[in-house]
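Bear in mind the structure is a predicted one, so any value in this text is a computation, not a measurement. In the text below, chain A, chain B and the rest are named by the order of the sequence lines, each starting its count at 1.
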Number of protein chains: 2
Amino acid sequence: MANIRTVSKLAGVSVATVSRTFSTPDSVSENTRKKVEKAAEKAGYRPNLMARNFRAKRSFAIMVLVPNIANPFFSRIISGIESEAQSRGYSILLGNTNGQAEREADYANMVHTFQADGVIQLSASDPFSDLPLGKRPALVNICECYDNPLSPQIQLDNSGAAAAIIDHLLELGHRRIGIIKGPADSPLTRDRLEGCAAALKQTGLEMSAAAIAQGDFSTRSGFEAVDTLLSLRKRPTAIFCFNDEMAIGAIRRIRDLGYSVPGDFSVAGFDDIAVSSFSVPTLTTIHQPAATFGRRAVEVLCQMIDAPETVTHSQEILPYKLITRGSTAPPS
Amino acid sequence: MANIRTVSKLAGVSVATVSRTFSTPDSVSENTRKKVEKAAEKAGYRPNLMARNFRAKRSFAIMVLVPNIANPFFSRIISGIESEAQSRGYSILLGNTNGQAEREADYANMVHTFQADGVIQLSASDPFSDLPLGKRPALVNICECYDNPLSPQIQLDNSGAAAAIIDHLLELGHRRIGIIKGPADSPLTRDRLEGCAAALKQTGLEMSAAAIAQGDFSTRSGFEAVDTLLSLRKRPTAIFCFNDEMAIGAIRRIRDLGYSVPGDFSVAGFDDIAVSSFSVPTLTTIHQPAATFGRRAVEVLCQMIDAPETVTHSQEILPYKLITRGSTAPPS
DNA sequence: ACCCTATATGTAACCGTTTACATTCTTGGG
DNA sequence: CCCAAGAATGTAAACGGTTACATATAGGGT
């Protein structure tokens, strides 16, 4: 394989000149540049970026830790990450963690072995929790964040958004609201529950007015949680699912049981994934600016990488939007 | 940052011994190994994999070219790729191409600059078409493949699968079948149309018995194509969409127009994405072994990387499965 | 005691770049 | 015509590993 020395010989110049021709063309005379380019062309020379990056101690790669790529909300975020990274000359390394701490640690460690310059994490856990503040690699945590931020975070106002959903259901006249929440230990779950409680309280209702069933953000868990809610003595008339996929599962189950949405039960989701505007019925939900999450994460991460001292361990909140569609209606 | 020389000094051994301790521990005595490990621990040493890979002229990374990560079918394939790659010690680089040839070329070139050892491509175009056979980098093309394979391909029997759908509709009694196809230049579209024609012919029907509308695999395009089909003088009683997302769009539109599925129109899809078993109605479709596609692609690619001479430019066909669900029924 | 072999370790070159520093070439002002 | 300054180019030392080859050591057989 042609290397920089091959080309330098072929062009009759030094390796330094060849290097400059490619990295800082302006520092080389018109004439030599052409000579070198011709020689490179002839030799089929492509600079070895592994060597270059090795020398520069930079991989120009970003590790993206995601619990599950198949989740449509995550894949939209990744789209945003990818496009911003690409335009900044970074490539993205994908790490599907399935929520396993071990996998997460393995992937996060790639930043220690110089295979990535930084990490974007889409779930709430800190792979570098054992490292002192000064030694922490560049990491940005988005969407689902742990409590005490040692790294920048970009989140939604989950509490506010959940409250907006509850408010919407209350306004429609619902008084018994069921909730299908996410994993109990997730900050997402906690924040959204908090928002629900606040919204209920404002209307003079206690949180206990809400029946809460356990889900895990999978469609199937939404499907199954419906049985729990409908077996209650005081059945809810509306169900707020903590993501759209569970909502879709819930709607499926409600129909299977012979009821209609929103006729017998209103259902609301969270995320506004693509399918939610086409499903039957279309889904009332919270729109999250997924691509923006991704792009912004890359911006902040690049800043951390390039100028770590300028980064405050900031907490950023992106706006949500309540989208009311066909799956919610006044109780019958 | 601690390097191998720091550790060698600390442990009082040569760099070679340190290197061996990490890459071939068996070739080092128990005693030295412990010494070195202690020293490494103390120095906080992590081997620089960029340096190692550079030396080995291998990046242990696989470039995955995908038209659109947000497509749930693709993201399932990527899950499969990721898990197989991870277990083989490869990391995966994600390249979202949006079908743009330029982006695709940029990403594919990363294999020339030693940033990736090979490419898995999920769409039908050959980024290395200008290279002679011996010079072609390791590339595996899956799901959607061009015609004359210069690289191994893993596909579905698209024609057979499409025929299976048509057969199913015919069996139900449908005689006027509408089709919402994919991009005209896609081999996928061509193969599936071929299968449709064959199936129709076998029942003594001409392809012209099928009304064909143009789609582009997006949900919206399915939504819009319905208008074309329903404005025909001889309306179809069943619609076969070339992917599930278009089917979901189509169902939405059909309902918006005041009709029901499958009461007024049967609808079938292709891919069996996750939501299809929960949608309303549940979707009759072709199940593709998405994760297997991904895993198998990695297997073949690794073989190409490790032992290029053993790889025949093979054409592999993975099995499909017709899944009949609620969206198809006899015509009324 | 000697030799042979196997095992463990060390030495130093090498991978393909970049870049600090040295050198040479140009050019314009005095 | 000379010199200083600036521009262009060259030289060689890194970067952090791996590994071919050389060397040292230990143990066993005769």
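Residue whose closest nucleotide on DNA chain C sits further toward the 5' end, between Arg5(B) and Lys57(B): Arg5(B). Nearest-nucleotide assignment on DNA chain D puts the 5′-proximal partner with Asp26(A), out of Tyr45(B) and Asp26(A). Judged by closest nucleotide on DNA chain C, Arg20(B) is the one of Ser23(A) and Arg20(B) placed further toward the 5' end.
An OP1 or OP2 oxygen of dT17(C) is reached within less than 4.0 angstrom by no side-chain nitrogen or oxygen of Ser19(A). For Thr32(B) and dT9(C), the shortest distance from a side-chain N or O to OP1 or OP2 is below 4.0 Å. Phosphate proximity of dG16(C) to Asn48(A): absent, as no side-chain N or O sits under 4.0 Å from OP1 or OP2. At the phosphate of dA7(D), neither OP1 nor OP2 sits under 4.0 Å from any side-chain N or O atom of Ser29(A).
With hydrogens and angles disregarded, a donor-acceptor distance shorter than 3.5 Å links the side chain of Thr21(A) to the backbone of Thr17(A). The main-chain N or O of Leu188(B) is never found under 3.5 Å from a side-chain atom of Asn158(B) such that the two would form a donor-acceptor pair. When atom types are taken as modelled, the side chain of Asn96(B) and the backbone of Ser79(A) share no donor-acceptor pair closer than 3.5 angstrom.
Side-chain proximity of Phe54(A) to dT18(C), dG10(C), dG16(C): nearest is dG16(C). With dG17(D), dT18(C), dT9(D) as the candidates, the nucleotide lying closest to the side chain of Ser14(A) is dT9(D).
Residue Arg46(B) is classed as a sugar-phosphate contact, given heavy-atom separations below 4.0 Å to backbone atoms only. At a threshold of 4.0 angstrom between heavy atoms, the contacts of Arg58(B) with the nucleic acid are absent. Within 4.0 Å (heavy atoms only), Val15(B) reaches at least one base atom of the nucleic acid.
The interatomic distance linking Asn53(B) (CG) with dC15(C) (P) rounds to 17 Å, in whole Å. Between the CE atom of Met50(A) and the C1' atom of dT18(D) there is a distance of 14 Å, rounded to whole Å. Taking atom CZ of residue Phe114(B) and atom P of nucleotide dG16(C), one finds them 7 Å apart after rounding to whole Å. Rounded to a whole Å, the NE2 atom of His112(B) is 16 Å from the P atom of dG16(C). Remark: C1' of dA14(D) and CZ of Arg52(A) are 17 Å apart, rounded to the nearest angstrom. Between Glu30(B) atom CD and dT7(C) atom C1' the separation is 15 Å, expressed in whole Å. Nucleotide dT26(C) holds its P atom 11 Å from the CG atom of Asn31(A), rounded to whole Å. Atom-to-atom, CD of Gln115(B) to C1' of dG16(C) comes out at 14 Å; the value is rounded to the nearest Å.
Remark: the Arg55(B) side chain and the dT18(D) base include a donor-acceptor N/O pair separated by less than 3.5 Å.
Taking the ring centroids of Phe217(A) and Phe74(A), they lie at or beyond the 6.0 Å cut-off.
Among all heavy-atom pairs drawn from Leu131(A) and His112(A), the shortest one is CD1-NE2, 3.6 Å.
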Going through the checks in order, is the side-chain contact (heavy atoms from CB on, under 4.5 Å) test met by Asn141(B) and Tyr146(B)?
CA-CA 9 Å; Asn141(B) 191 217; Tyr146(B) 28 76; 3.6 Å; yes
